[in-house]
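Presented below is the structure to which this report refers.
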Amino acid sequence: GECKLLHNETIVKPGVPLSELAVGECCGEQEELNFQLVRSAVPLVATASEDLDIKVWNADTGYCARTFGDHINRLKDFAVSPQGLVASCGMDCMAYCYDPREGTKVAVLDGHDSIVSSVTFS
């Protein structure tokens with residue numbers, strides 16, 4: 001996705017030296033520099049299958065962006081959070097949480113003694 005550099009919620013145009021930004025003094029002290037790098041979201045679609053994998057697809061291109069394959073038995077459910085995290089659960093008594101944008105496993109939830117049949121975000 002596209003990256004943007006923000007200074008006090010204003011987009012900093014490429015090539016502008018930081019010394020030209022409106023950074024002044026307030027109450028006799030130098031104003032604190034406040035920058036944030038923002039990456040626009042790539043639309044993703046998550047799918048789960050009987051092959052035990054969760055795949056995350058780039059909705060713009062249709063290509064598989066990530067595959068998560070930690071389950072060792074059939075998947076029962078999966079959910080996507082508003083922040084884009086993906087959680088899954090299955091017959092292996094396990095639940096996992098992934099960050100598909102980073103390609104990382106965020107959490108392993110292994111406290112169940114039986115099939116985990118549902119997962120959700122609140």
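For the atom pair OG of Ser88 and CG of Asp70, the computed distance is 7.5 Å after rounding to the nearest 0.5 Å. In this structure, CG on Leu75 lies 7.5 Å from CG on Asp92, to the nearest 0.5 angstrom. If you take OG1 on Thr67 and CD1 on Ile54, they are separated by 10.0 Å, rounding to the nearest 0.5 Å. Within the model, atoms CZ of Arg74 and SG of Cys89 stand 12.0 Å from one another, a figure rounded to the nearest 0.5 Å. Here Asp110 contributes atom CG and Cys93 contributes atom SG; the two are 10.5 Å apart, rounded to the nearest 0.5 Å. Here the CE atom belonging to Met94 is positioned 10.0 Å from the NE2 atom belonging to His112, to the nearest 0.5 angstrom.
Here the side chain of Ser81 pairs a donor or acceptor atom with the backbone of Leu85 at under 3.5 angstrom. Arg66 places a side-chain N or O within donor-acceptor distance of the main-chain N or O of Arg101, the cut-off being under 3.5 Å. No side-chain donor-acceptor contact under 3.5 Å links Thr104 to the backbone of Val106.
Looking at Val116 and Lys76, their side chains never come closer than 4.5 Å, going by heavy atoms from C-beta outward.
Considering all non-hydrogen atoms of both residues, Asn58 and Thr61 come closest at OD1-N, 3.1 Å. Heavy atoms only, all atoms of each residue included: Phe78 and Val86 are closest at CD1-CG1, 4.3 Å.
Using modelled atom types and a 3.5 Å distance limit, the side chains of Thr47 and Lys55 yield no donor-acceptor pair.
Ring geometry for Phe68 against Tyr98 counts as parallel: the plane angle stays under 30°, on a 0 to 90° scale with 60° as the upper cut.
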